[in-house]
Amino acid sequence: MPDIYIAKKEEKEKTQTKSKKGPIKEPVVTAAESKQETKKEEKDVKKKVIEEGTTNPLAAFMSKPRNLRFETQEQKEKVVLLLRRHLVTNIPWLVAATAMAIFPFLAVRILPLDFIPSSYRLIIFITWYLLTFAFSFEKFLSWFFNVNIITDERIVDVDFPSILYRDISTTKIDQIQDISIKVGGFVRSLFNYGDVAIQTAGTVPEICFEAVPRPGRVAKILNDLILEEEQEKIDGRVR
Amino acid sequence: MTPFERLIQSLASMTFSPWIFVKLLFLIGLLIYIAFAVIVVRQVALMSRTIDGNFSLPIKLFSWVHLGAAVAIFVLALVIL
């Protein structure tokens, strides 16, 4: 007998046995089970964030940072994510600082500075390096303290536009209306950093996280937190 | 010789060095720099209060070292220039 007939026979037998078993029953999901599932999902989001966590205080993407507190933080409020501008954004001022550090050695060789007394030359030399240090320190402070914080309750944007100004804007997670990300240009695409613009229904119409690493992941975490917040509202667990 | 004539004579015999003017400019500049360094210390304290993390202490230390260096250079300029 050709193989084709044997195969057809087997198929026939299979269909017969299926029809004997009757229709397949769909699993019934109860309210308690769905609640457990949502809780599990919430846990998974938190777990994912913890897994990515870093204890490096100079990281630009810090999830669940330890020993970090901010001025307006409430007691039960937990920091989920702390963001700074991507490390790559520091390269221009690092190059400038290096050039400033090298300049005196070149100036001594190129410029005719013999008419300046040695004591004045020494003071100029030391003052130049003090200014170089001040320039670098200022740039570092500007990078280090300009942070975006995402907590389980709200988002905080801390800006120090200059040494004498401080600008802190806050909005609650449930007031977020829209999240959009912008990653444009060669360097930004290469190092995967960009802007995350958050439209809010609060007094601050828009909060922008500028040049933060992994903007897609940030948007995903924010979306998860919004869903979590909505679930908390439904369950009546709002703080 | 009257006292007025003596004053005129002493002023006429005085040799003016441009480096004294430069020294004065340096000292004024360094004084302004010390004021700036004080503001940096103050601002770092304020920033650290806003965001308090593991790295706050070294940054505060750096700002104080910066202020100390500014004062030391001012004193050095006052002595050697």
Side-chain angles (χ1 to χ4, degrees), chain A residues 54-59 62 65-73 79 82-84 115-149 151 156-168 170, chain B residues 11 13-81:
Chain A
T54 173
T55 50
N56 176 12
L58 297 175
M62 289 172 79
R66 287 176 201 166
N67 305 325
L68 185 122
R69 286 201 71 79
F70 60 96
E71 205 175 17
T72 53
Q73 188 175 357
V79 178
L82 183 130
L83 300 160
R84 294 191 177 97
F115 69 96
I116 301 171
S118 58
S119 58
Y120 281 86
R121 256 187 281 173
L122 177 72
I123 292 294
I124 290 169
F125 192 77
I126 296 170
T127 310
W128 178 267
Y129 278 106
L130 192 70
L131 286 171
T132 306
F133 174 77
F135 168 75
S136 312
F137 192 50
E138 269 301 303
K139 290 287 180 189
F140 172 76
L141 287 179
S142 166
W143 172 78
F144 188 78
F145 285 108
N146 277 308
V147 292
N148 310 111
I149 301 165
T151 74
V156 185
D157 182 23
V158 183
D159 277 328
F160 290 94
S162 77
I163 193 120
L164 296 171
Y165 293 97
R166 182 171 58 154
D167 180 17
I168 302 170
T170 310
Chain B
L11 280 174
S13 63
M14 211 170 85
T15 52
F16 178 74
S17 167
W19 292 110
I20 291 168
F21 182 67
V22 174
K23 180 183 176 174
L24 205 69
L25 278 179
F26 256 102
L27 292 177
I28 291 167
L30 285 169
L31 267 179
I32 293 167
Y33 193 84
I34 289 170
F36 165 74
V38 170
I39 291 169
V40 170
V41 170
R42 185 81 196 88
Q43 186 66 7
V44 165
L46 204 75
M47 284 168 161
S48 301
R49 212 166 49 220
T50 309
I51 303 145
D52 190 17
N54 288 340
F55 211 62
S56 296
L57 192 69
I59 290 175
K60 276 183 195 170
L61 204 73
F62 264 114
S63 68
W64 279 103
V65 168
H66 176 236
L67 175 63
V71 173
I73 291 169
F74 177 77
V75 173
L76 189 72
L78 204 67
V79 173
I80 69 165
L81 294 184

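FYI, side chains are in, hydrogens and waters are out, and symmetry mates aren't considered; it's all heavy atoms of this structure. Every chain is numbered from 1, with letters handed out A, B, ... down the list of sequences.
- Counting heavy-atom pairs under 4.5 Å between each of A:Ile168, A:Leu82, A:Ile149, A:Leu58 and chain B puts A:Leu58 at the top.
- Atom CD1 of B:Ile80 is separated from atom CG of A:Leu122 by 4.5 Å, given to the nearest 0.5 angstrom.
- Here the shortest heavy-atom pairing between A:Tyr120 and B:Ile20 reads OH-N, 4.4 Å.
- Within a 6.0 Å radius of CZ in B:Arg42, other residues, nucleotides and ligands contribute 12 heavy atoms or fewer.
- Interface remark: A:Tyr165 contributes backbone atoms only to the contact with chain B (heavy atom separation under 4.5 Å).
- With a 4.5 Å cut-off on non-hydrogen atoms, A:Phe133 touches chain B through its side chain but not through its backbone.
- Residues A:Phe144 and B:Met47 are not in side-chain contact: their nearest non-hydrogen atoms beyond the backbone lie 4.5 Å or more apart.
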Could you walk me through whether B:Thr50 and A:Phe145 pass the side chain to side chain contact (heavy atoms under 4.5 Å, CB included) check?
CA-CA 9 Å; B:Thr50 309; A:Phe145 285 108; over 6 Å; no

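- Between B:Val40 and A:Glu138, some side-chain heavy-atom pair lies under the 4.5 Å cut-off.
- In this structure, the separation between CD1 on B:Ile73 and OH on A:Tyr129 is 12.5 Å, given to the nearest 0.5 Å.
- Atom CD1 of residue B:Ile51 and atom CG of residue A:Leu68 lie 7.5 Å apart, to the nearest 0.5 angstrom.
- Chain A forms more heavy-atom pairs under 4.5 Å with one residue of B:Ser63, B:Ala37, B:Ala69 than with any other, namely B:Ser63.
- With a 4.5 Å cut-off on side-chain heavy atoms, B:Trp19 and A:Ile116 count as touching.
- The backbone N or O of A:Leu130 sits less than 3.5 Å from a side-chain atom of B:Tyr33, completing a donor-acceptor pair.
- Of the atoms belonging to A:Phe137, it is side-chain heavy atoms, and not backbone ones, that fall under 4.5 Å from chain B.
- In this structure, A:Arg66 and B:Asn54 approach most closely via the heavy-atom pair O-ND2, 4.1 Å.
- Heavy atoms of other residues, nucleotides or ligands lying less than 6.0 angstrom from NZ of A:Lys139 number 12 at most.
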